[in-house]
Amino acid sequence: MIVESAPAKINLALHVRARRPDGYHELETLFAFVTDGDSVTLTPGPLSLTITGPFAAGLSGEGDNLVLRAARGFAERFGTSVGGAFTLDKHLPVASGIGGGSADAAAALRTLARANDIAIDDPRLCALAADLGSDVPACLLGRTALGQGRGEKLEPLDGPSGMPVLLVNPGVAVSTAAVFKAWDGRDRGPMPDGDVLSLARAGRNDLEAPARALAPEIDAVLALLEKGVPLLSRMSGSGATCFALYANVSDRAAAAAMISAAHPRWWCLETTLA
Ligand code: C5P
C-alpha cells in the first residue's frame, strides 16, 4: 500500500498576460502549497477508484476522475499494465481554485512512480502531468514556484514556509474555463522581482474580477478576510476559495472564529504554508 498526500495549492499571485490561439492563457503565477489536503492511496489490484471523505459527494457521478486518467496515462507512457485500486480521501472542496483535482492527479502519479521505481523528476512523468492539466506539474513538484506558459513551466523558489494561512470557500463551485473566458483581455503587467512574500504582496489575481462577477459570494469572503488583519488576502486560482496569510497563529484563529461565526456553512481551513 502506498499513500501520498495531495496538498491544496494556492496562487499567491496570478497574472494573466495574454489569450493564446490554442484557447489557453499565458500566465505568470506564484504557486504555493499548504500542509493539508486530500490523500491518495494505491493498493495492488484492477483499476478502480473509491472516494471517501467530507467532499466525496461532490465527485459522485464524475465518470472520469483525474486519478483514473492519471493511472491510464501512466500505463500508456511507461508501458506498464493498467491497474491499481485507488482510494481518494477528499477533504478539499471541488472546483474551488485550490487545485484539488490537479493535486489528486499529481498524488496518483507519485504513488505509481514509487510503485514502479520511476524518479519524480522523470521528464516523461512531467510531460504526462502537463497533459493532465495546467496545474498538475506544479502539484507534482509540490513546492513554491513561479509558473509560466499555461502554468506548466516552473521555476522553484524559496517560500515563507510555516506561515499561518486561512482558506475560506463560500460553497459555490466556479468553472475555471468560464472564469478565464470572462477575463477582459487586458494585460496588467508582469510579476515584479523580489522575494516570494514581496512578490505576492505586489502581485494580484487577474481572475478575481471575472470570478467575482460570476460568483458574487467571493466579495463577502474577501471583505471578511480583510477585517481579520491579514498580511495578505486574495482569491486563489479561478476561485471561489480565498486565502489569507497571517503573522501568527492567534491572528489566524481570531479570523477563523469570526468568519465561522458569521457563516457557519462556509468551508474554513486553518493551515500553514508548506
Ligand atoms: O489545464 P486545465 O484542463 O486544468 O484547464 C481547465 C480550463 O481552464 C481550460 O480548458 C481553459 O479553459 C482554462 N485555462 C486557460 N488558461 C490556462 C489554464 C487553464 O484558459 N493557462
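When a ligand or atom number is given, it counts from 1 through the structure's own listing order. Keep in mind that this is a model prediction, so the values were computed, not measured.
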Quick check on N248: does its CG atom have over 12 non-hydrogen neighbours (other residues, nucleotides or ligands) under 6.0 Å away?
yes
S96 and T241: side-chain donor and acceptor closer than 3.5 Å?
yes
Could E208 and R212 be called an ion pair, given the rule that one side-chain N must be under 4.0 Å from one carboxylate O?
yes
Determine yes or no for a side-chain-to-main-chain donor-acceptor pair under 3.5 angstrom, with R72 supplying the side chain and A70 the backbone.
no
Set of ring-ring contact (aromatic ring centres under 6.0 Å, His included) partners for H91, sequence neighbours left out
none
Identify all pairs of nitrogen or oxygen atoms, one from ligand 1 and one from the protein, separated by less than 3.5 Å, and list them with distances.
from     : atom 1 : to   : atom 2 : distance (Å)
ligand 1 : 1 (O)  : S134 : N      : 2.9
ligand 1 : 1 (O)  : S134 : OG     : 2.6
ligand 1 : 16 (N) : H25  : N      : 2.9
ligand 1 : 20 (O) : H25  : ND1    : 2.6
ligand 1 : 21 (N) : H25  : O      : 2.9
ligand 1 : 21 (N) : R150 : O      : 3.1

Presence of salt bridge, E28 and R17, under 4.0 angstrom:
yes
